[in-house]
Amino acid sequence: MVPQGEQSIATGFRLGRPLNGRRSIGSEPSRLSLRQNFLWSLVGNVSYAACQWGVLVCLAKLGSPEIVGRFGLALAVTGPVILLSQLQLRDVFVTDSKRKFGFGEYLSLRLILTAAAVAAIAGLAWAGGYAAETMLVVLAVGLGKAAESIADVFYACFQRHERMDRIARALMLQGALSLAAVGTVMALLGSVGWSAVGWAAAAGVILGLYTLPSARRLAREEGRLSEATETSNGDKGTRPRGEVRRLAELAWFALPLGVVMMLISLQVNIPRCYLDGYRGEAELGIYTALAHLTASGNMVMQALGQSAIPRLARHYAAGDGGAFRRLLLRLLGIGLVAGMTGLLLVAVAGAPLLRLLYTEEYAGNVGTLGLLAAAAAIGYLAAFLGDAMTVFRVFRTQLLLSALVTAVMAASCWLWVPRYGMRGAAWALIVTAAVRLIAGGMVVVLAQRNLRGRQTA
């Protein structure tokens, strides 16, 4: 039994304390403003991205391109499996305005599927015939990603109530701890395998020592459960729960979105697999280091998108097409400016930047970095359209589009990577991002027409 007022975040919670500090039963959940949420998300995601980039810098400075390549290969192997297992339950939970499922059911499903994902990653590591150290890296990265996946479902509660500050703190702590662990192990042992173990341990430590206690503390501060747990089946417990039938129903509903995320991960990782197969670990390592620089911009755009999704969902649920369009256009405008800024930065200071951050061997590939920056610029716009499609909850349409885009990526890599190496992989990313942008724009325009029809009705 858990004392009243001390229920875990695992059930969700209301942020109902008014500004004067008194509790007000029945008041609206307190929320940060969109600007505050974006700033917190920006700080958290940028800090985390900077630390993860720092991990690659440590591997590059203290090791070799081959070592970076092994870490990149582990990310390529584990990413699609983990993302499929997530079923993007975080976004499903945040946009579930009718509260069809309780948080305990989301948590139960996430735990079950994460365990299955870890088993699948272990099977892939064994079947891949990798060297012992590479296998250790794959397994360690898989366990770290599993810890992040469990934390992600708790982040959903914070995000639904527009409290991105809690997520930002967790990301900053995890990023700093993982960087410290990898840097220390590489300096002392020079082993990428044990460095990956340290990286994974950091994710587990922050989950256990910060994310869960912070969630319980916030639940105690508010003193009552969230409406997120008030479901039709009376799910108000504090532990993972749910009937098999309802968990299966939730999994089936979210499955298309999980496959979408797996396909998006494949779109990122297919070039890495081709480079590893045709060009070797050294070129894969250089490509991974270059691509991670553009991924920093993706983290910023992701922070903005995560902050805006709850508000977009409310505008859509209320049938307020004008407010929805204005917010989406603001997001697209920011993405366009960010993309152009990245291209300008590479053109002006690309080679010196690579020389400073990595080594001369990396600086000789500034042309590839420019192509990756172009792909990222297009991808920012496509990602915001993807957020809009998630709000529309057209999951099966997203699945079909992602399957098409993944096929385009695979065909492009097959044509260009064996001949052109890293540049071929970068061109494949550009083509894929363009297809995502065009197809996503078509879906959003059609959905907007339906929304205008609802307003007229």
Side-chain angles (χ1 to χ4, degrees), residues 1-3 5-13 40-41 43-45 47-49 51-52 54-55 74 78 81-83 85-86 89-90 93 103-119 121-122 136-137 139-161 163-185 194-222 225-226 228-229 237-242:
M1 293 294 291
V2 179
E6 297 188 5
Q7 290 91 339
S8 166
I9 189 65
T11 61
F13 45 82
W40 272 110
S41 295
V43 171
N45 281 276
S47 298
Y48 180 80
C51 290
Q52 296 307 302
V55 167
T78 60
V81 178
I82 290 293
L83 285 175
S85 71
Q86 287 182 346
L89 292 179
R90 177 173 169 178
F93 179 77
F103 182 80
E105 294 169 315
Y106 284 90
L107 179 58
S108 294
L109 185 58
R110 174 60 57 86
L111 291 173
I112 293 169
L113 294 179
T114 300
V118 171
I121 289 170
L136 177 60
V137 176
L139 292 174
V141 170
L143 290 173
K145 290 292 184 181
E148 290 182 343
S149 183
I150 295 171
D152 177 76
V153 79
F154 288 99
Y155 295 165
C157 282
F158 298 129
Q159 185 179 354
R160 171 182 275 182
H161 294 290
R163 293 299 304 265
M164 306 299 287
D165 54 327
R166 303 278 171 161
I167 304 173
R169 292 188 182 99
L171 291 176
M172 288 188 285
L173 289 171
Q174 181 184 332
L177 185 58
S178 64
L179 176 57
V182 171
T184 301
V185 174
W194 290 110
S195 296
V197 171
W199 181 86
V205 167
I206 298 305
L207 170 62
L209 297 185
Y210 177 79
T211 302
L212 296 180
S214 174
R216 297 189 184 101
R217 186 163 57 249
L218 184 56
R220 287 196 297 269
E221 289 171 1
E222 300 310 322
L225 294 175
S226 168
T229 63
T238 59
R239 298 183 298 273
R241 61 180 56 221

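Nothing fancy with the numbering, it's 1 onward along the sequence. Predicted model, so just to flag it, every value in this text is computed and none were measured.
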Just how far is it from atom [atom1] of [X] to atom [atom2] of [Y], taken to the nearest 0.5 Å?
{"X": "L209", "Y": "L173", "atom1": "CG", "atom2": "CG", "answer": "10.0 Å"}
{"X": "R166", "Y": "Y155", "atom1": "CZ", "atom2": "OH", "answer": "13.0 Å"}
{"X": "F154", "Y": "L107", "atom1": "CZ", "atom2": "CG", "answer": "4.5 Å"}
{"X": "R90", "Y": "F158", "atom1": "CZ", "atom2": "CZ", "answer": "10.5 Å"}

For [X] and [Y], indicate whether the former's side chain and the latter's backbone hold a donor-acceptor pair under 3.5 Å.
{"X": "S149", "Y": "K145", "answer": "no"}
{"X": "S85", "Y": "I82", "answer": "yes"}
{"X": "R110", "Y": "Q86", "answer": "yes"}
{"X": "S47", "Y": "G44", "answer": "no"}

Any side-chain heavy atom of [X] within less than 4.5 Å of one from [Y]?
{"X": "W199", "Y": "Q52", "answer": "yes"}
{"X": "W40", "Y": "R169", "answer": "yes"}
{"X": "L171", "Y": "I167", "answer": "yes"}

Which heavy-atom pair separates [X] from [Y] by the least distance, and what is that distance?
{"X": "V118", "Y": "L143", "value": "CG1-CD2, 3.9 Å"}
{"X": "A140", "Y": "A200", "value": "O-CB, 3.1 Å"}
{"X": "A180", "Y": "T184", "value": "O-OG1, 2.8 Å"}
{"X": "A146", "Y": "T114", "value": "CB-CG2, 3.5 Å"}
{"X": "C51", "Y": "G175", "value": "CB-O, 3.2 Å"}
{"X": "I121", "Y": "G142", "value": "CD1-CA, 3.9 Å"}

Option among L212, L207, T211 that satisfies the side chain to side chain contact (heavy atoms under 4.5 Å, CB included) test with I150: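 Looking at L212, L207, T211, the match for I150 under the side chain to side chain contact (heavy atoms under 4.5 Å, CB included) is L207.
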
